[in-house]
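This report refers to the structure that appears directly beneath it.
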There are 2 protein chains.
Amino acid sequence: MSIKYVILGFLSWRSLTGYELKQLFVESATLFWSGNSNQIYTPLAELHKEGLVSVEVQPQGTRPPRKVYSLTPKGWDMLKGWVLSQPEAPVQKNAFLLQLAWADQLAVEELDDLLQSYEERLQMQLLIFRELAQRQQAPQRTPRETFLWQSIERNWISFYESELYWTQSVRAQLNTEFREV
Amino acid sequence: MSIKYVILGFLSWRSLTGYELKQLFVESATLFWSGNSNQIYTPLAELHKEGLVSVEVQPQGTRPPRKVYSLTPKGWDMLKGWVLSQPEAPVQKNAFLLQLAWADQLAVEELDDLLQSYEERLQMQLLIFRELAQRQQAPQRTPRETFLWQSIERNWISFYESELYWTQSVRAQLNTEFREV
DNA sequence: GAGATCATGTAAGTTGTTACATGATTCG
DNA sequence: CGAATCATGTAACAACTTACATGATCTC
């Protein structure tokens, strides 16, 4: 459940309310989380019970009181421990590959159309992420942190570039070596 | 819920029991599914209720009866419809990127160690997938289908290669441009 | 005689999603 | 006067995971 760690991470910058956390989640598309309330308020309550964050409740009359969460020393330790933990191998979730696995039933043009629309989908994704990379402000705290955040953006871009390159080469091979007789 | 479609896909080759399906899931690591019973028997029952597969029950004395499932014409239509459906953009699930986002708290060597262990993890993953690509028998039905299955394997390999390349370049930059003062 | 294979299934838990609920205040 | 913003939360659902349950038969 890395979402808890990401919450700890944001709180390591500064104290935040659940509402503000939610916005950070939505803004940073590279995190790839919907940022729904359920995914913020429930884990926050748990983190509080575990003593990793502390709360300062600020009543404000009519509105629900602001609950400003802060990292406790225990929370800092937990965050650092997670950052240093053994990295897992990434996994891609690619439903298109499954479609392709049973695409031999398609006619030559149908298959090329399918690959083309995947290619276009990837081009679109690249546009989105390239634009995001320009817009998104990395936490401007140290040059190295800025570099790390930019590297993460570049990772997403190179993921889609690599996928695009693969698609184009599959298409090309299908059109040269597997033309109809 | 593309798992149902994958089941339809396997059944398009030949009639199969739940048990056999389970093995196919486990064998083909590119599908990336655990292939647990819950993920086979329940969807199969649903597919049957929806009229996409038919069952022939073969009692066999003491053991549970074999239930041999086959694609119905409706199931074929469903499968083809899914194969032709608008492809979605892939997504990577990469927890390491999240660790990296808060890795500026680390010392120079700690950060390099972290990247190195990610790099090693990727190397291992590449070994696994390259070996799998050699072992795994694509359905030997048409040359084009064989090509498609090999392309899927190459996709996974190039995914990890691209990730590895990115990691090495991040490491190199950190070691040249962000050395301690 | 222990463990793998055949063959079915269920139960409980995790992680995430979308949608629902409330209600004041501020902006165009 | 309608929509967005501030601010909390709950409920229901979806997809997938690990572990449990049963029991014969075949292999070492």
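Order of the sequence lines sets the chain letters (A, B, ...), proteins ahead of strands, with each chain counted from 1. Here the structure is a predicted model, which is why all the values come from computation and not from measurement.
When the side-chain nitrogen and oxygen atoms of B:Gln39 are compared with OP1 and OP2 of D:dA15, none of them lie within a distance under 4.0 Å. Contact annotation: A:Thr17 does not reach the phosphate of D:dA7 (side-chain N/O to OP1 or OP2, under 4.0 Å). The side chain of B:Ser37 contributes no N or O atom lying less than 4.0 Å from OP1 or OP2 of C:dG9. Contact check, B:Tyr41 against C:dT8: a side-chain N or O comes under 4.0 Å of OP1 or OP2.
Per the geometry, NZ belonging to A:Lys93 stands 11 Å off C1' belonging to D:dA14, to the nearest Å. Atom-to-atom, CH2 of A:Trp33 to C1' of C:dG16 comes out at 10 Å; the value is rounded to the nearest Å. In this entry the distance linking CG of A:Leu31 with P of C:dT17 reads 12 Å, nearest Å. If you take CG of B:Leu21 and C1' of C:dG9, they are 15 Å apart, rounded to a whole angstrom. One can place CZ of A:Phe25 at 14 Å from P of C:dT15, the figure rounded to the nearest angstrom. Regarding A:Glu56, its CD atom lies at a distance of 13 Å from the P atom of D:dT8, rounded to whole Å. Atom NZ in B:Lys4 sits roughly 11 Å away from atom P in D:dC16 (whole-Å rounding). What separates CZ of A:Arg66 from C1' of D:dT8 is a distance of 12 Å, to the nearest Å.
Nearest to the side chain of A:Tyr19, among C:dG16, C:dG9, D:dC6, sits D:dC6. For B:Ser34, the listed nucleotide lying nearest its side chain is D:dT17; candidates were D:dC16, D:dT17, D:dA7. When distances are taken from the side chain of B:Asn38 to each of D:dA7, C:dA11, C:dA7, the shortest belongs to C:dA11.
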With sugar-phosphate taken as primed atoms, P, OP1 and OP2 and all else as base, the protein-contact string of nucleotides 22-27 of chain D at under 4.0 Å (heavy atoms; B, S, -) is --SS--
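A salt bridge links B:Arg130 to B:Glu161: one of the charged nitrogens lies within less than 4.0 Å of a carboxylate oxygen.
B:Gln58 is linked by a side-chain contact (heavy atoms from CB on, under 4.5 Å) to B:Glu56, B:Arg66, B:Val68, counting only residues two or more places apart in sequence or in another chain. Scanning for ring pair (Phe, Tyr, Trp, His ring centres under 6.0 Å) contacts around A:Tyr5 gives A:Trp82, with sequence neighbours left out. In this view, B:Phe159 and A:Phe159 satisfy the ring pair (Phe, Tyr, Trp, His ring centres under 6.0 Å) rule, not counting sequence neighbours.
Of the inter-residue distances, the one linking B:Leu115 atom CG with B:Gln99 atom CD reads 10.5 Å to the nearest 0.5 angstrom. Of the inter-residue distances, the one linking A:Asn155 atom CG with B:Leu97 atom CG reads 4.5 Å to the nearest 0.5 angstrom. To the nearest 0.5 angstrom, B:Met124 atom CE is 14.0 Å from B:Glu119 atom CD.
Judged by distance alone, the side chain of B:Trp156 and the main-chain N or O of B:Ala133 form no donor-acceptor pair under 3.5 Å.
Take the nearest nucleotide of DNA chain C for B:Asn36 and for B:Lys22: the residue whose nucleotide is more 5' is B:Lys22. In terms of position along DNA chain D, the nucleotide closest to A:Lys67 lies nearer the 5' end than the nucleotide closest to the other residue of the pair B:Gly35 and A:Lys67.
Under 3.5 Å, the side chains of A:Gln116 and A:Glu120 contain a donor-acceptor pair of N or O atoms. A donor atom on one side chain and an acceptor atom on the other are found under 3.5 Å apart for B:Arg121 and B:Gln125. A donor atom on one side chain and an acceptor atom on the other are found under 3.5 Å apart for B:Glu163 and B:Asn94.
Contact annotation for B:Thr42: no contact, since no heavy-atom pair falls under 4.0 Å across all strands. At the heavy-atom level, B:Gln23 lies under 4.0 Å from the strands shown only through sugar-phosphate atoms.
Less than 4.0 Å separates DNA chain D from no heavy atom of any residue of residues 78-89 of chain B.
Direction of the helix axis in the helix from C:dG1-D:dC28 to C:dG28-D:dC1 shifts by 30° between the two five-pair termini, rounded to 10°.
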Exercise for the section: Could you go through the salt bridge (Lys or Arg N to Asp or Glu O under 4.0 Å) check for B:Lys93 and A:Glu88 one step at a time? Expected result: CA-CA 10 Å; B:Lys93 262 190 61 180; A:Glu88 290 291 311; over 6 Å; no
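Follow the hydrophobic side-chain contacts under 4.5 Å out from B:Phe32 and you reach A:Leu100 in the same cluster.
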